[in-house]
Amino acid sequence: MIPNSLQDFNLGYISVIVFMIVVAVAGTTLISVGVLIRPKRPSAMKSIPYESGVPPVGRARERYSVRFYIIAMLFVLFDIEALFLYPWAINFDGFVRRGDGLFILVEMLLFIFMILLGYVYAWKKGALDWVF
Amino acid sequence: MVEQVVLIVAGALALVSALGVVIMPNAVYSALMLLLNLVSLATLFLMLHAQFMFAAQLVVYAGAILVLFLFVVTLLNPQGENILRDKRRLQQAGTISMGLFMGCLLVGALLYAFTNGNQPVLAASVTSPNSTYGTVEDFGKALFTQFLLPFELTSLLLLVALIGAVVLGKRK
């Protein structure tokens, strides 16, 4: 039994789902066609990472530097900021029509300013430098 | 009809991928299964008219948090640890039976809710076919007027998180 609220599915999003299905089918088809028709003659020389380069040293699964993680954490925070721009951008036109354009503009500028402070802090602290 | 097919497919995918997260032998595969799980959950949010949640789930969770998880996996570099191949038998038995118990509890609660429990009554503004409830536009309207203060405080929260990340990450 399915609750009533699910009965009227927003059909506008069907295109998104169709897109996802097309992507999934295209991806799996291309890979499996490749597997089916290509010749398969593996050799030890072919499997090394650089076929005509220097021999690799050590294992591929080494630990990564923590620097990548700091960049990733900063990315998450700015990603959330960008997410809030989405409903803002959709509503901006409506607010301008009602004469509240300045209000919503200042509101978002204040929001971005606060995060800009954090950006300046991270920059000054050298978190964005590759070597620190 | 369409919505029921989508609901069943998304629900089944969410369930299978959640199982995959737990039983995949390689932690990177687990993380990719989590991606599939998050996308299925996003679809379920869409079915519940939570369109902003749908976008947030895709942009923040599937886009950013999952990258963070992958970085943790590569940072810690786990070597094929898996509960099904755990050598400590007592711990393994305890984890699996606890998981089964929680699963039974969940299924029992859902069965009760769908047979004996009362269905929640939704307002007509939500259930009517051309309702705009939960659209990104409605969400934004509420966020930028009624919930102005929480929205601005969110920026403060993000600022604190940013500074915290830099301070903790930079410490030698």
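Letters A, B, ... mirror the listed sequences (proteins, then strands); counts begin at 1.
Linking Ile, Leu, Val, Met, Phe, Trp and Tyr whenever their side-chain heavy atoms come within less than 4.5 Å leaves Leu19(B) and Leu36(B) in two separate clusters. Both Leu153(B) and Ile163(B) are members of a single hydrophobic cluster when ILVMFWY side chains are connected at heavy-atom separations under 4.5 Å. The cluster map of Ile, Leu, Val, Met, Phe, Trp and Tyr, joined by side-chain heavy atoms under 4.5 Å apart, puts Trp123(A) and Val120(A) in different clusters. No single ILVMFWY cluster, assembled from side-chain heavy atoms under 4.5 Å apart, contains both Met33(B) and Val16(B). Residue Leu111(B) is not grouped with residue Ile8(B) when hydrophobic side chains (ILVMFWY) are merged at heavy-atom distances under 4.5 angstrom, including chains of intermediate members.
Once rounded to the nearest 0.5 Å, the distance linking CG of Leu157(B) with CG of Leu77(A) reads 9.0 Å. To the nearest 0.5 angstrom, Phe113(A) atom CZ is 12.0 Å from Glu152(B) atom CD. A distance of 11.0 Å separates CD in Gln57(B) from CG in Leu83(A), rounded to the nearest 0.5 Å. Atom CD1 in Ile90(A) sits 11.0 Å away from atom NZ in Lys141(B) (nearest 0.5 Å).
Looking at Leu159(B) and Ile115(A), their side chains never come closer than 4.5 Å, going by heavy atoms from C-beta outward. Side-chain contact check for Leu158(B) versus Phe111(A): some heavy-atom pair is nearer than 4.5 Å. The side-chain heavy atoms of Val166(B) and Leu74(A), taken from C-beta on, include a pair separated by under 4.5 Å. The shortest side-chain heavy-atom distance between Ile71(A) and Phe71(B) does not fall under the 4.5 Å cut-off.
Just one residue in the list Phe78(A), Tyr121(A), Tyr119(A) forms a side chain to side chain contact (heavy atoms under 4.5 Å, CB included) with Leu162(B), and that residue is Phe78(A).
Note: Phe52(B) and Phe84(A) have tilted aromatic rings, judged against thresholds of 30 and 60 degrees for the angle between ring planes.
Interface remark: of the candidates Glu107(A), Met73(A), Glu81(A), Met20(A), Glu107(A) forms the most heavy-atom pairs closer than 4.5 Å to chain B. Ranked by heavy-atom pairs shorter than 4.5 Å toward chain A, the options Ala10(B), Ser155(B), Ala55(B) are led by Ser155(B).
Phe95(A) approaches Phe144(B) most closely through the heavy-atom pair CZ-CB, 4.2 Å. Of all heavy-atom pairs spanning Val59(B) and Asp79(A), the tightest one is O-OD2, 2.7 Å. In terms of heavy atoms, Gly140(B) sits closest to Pro87(A) at CA-CB, 3.8 Å. In terms of heavy-atom proximity, Met114(A) sits nearest to Leu156(B) at CE-CD1, 2.8 Å. When all heavy atoms of Gly63(B) and Phe75(A) are compared, the pair lying nearest together is O-CE2, 4.0 Å.
Heavy atoms closer than 4.5 Å to chain B are found in both the backbone and the side chain of Leu117(A). The parts of Leu110(A) that come within reach of chain B are both its backbone and its side chain, each placing non-hydrogen atoms under 4.5 angstrom from that chain. For chain A, the nearby part of Val39(B) is the side chain; its heavy atoms alone come within less than 4.5 Å.
Within a 6.0 Å radius of CZ in Arg97(A), no more than 12 heavy atoms belonging to other residues, nucleotides or ligands are found. The 12-atom threshold is not exceeded at CZ of Phe69(B), counting heavy atoms of other residues, nucleotides or ligands nearer than 6.0 Å. For Tyr61(B), the OH atom sits in a loose shell: 12 or fewer heavy atoms of surrounding residues, nucleotides or ligands are nearer than 6.0 Å. The local environment of CG in Leu90(B) is sparse, with at most 12 non-hydrogen atoms from other residues, nucleotides or ligands closer than 6.0 Å.
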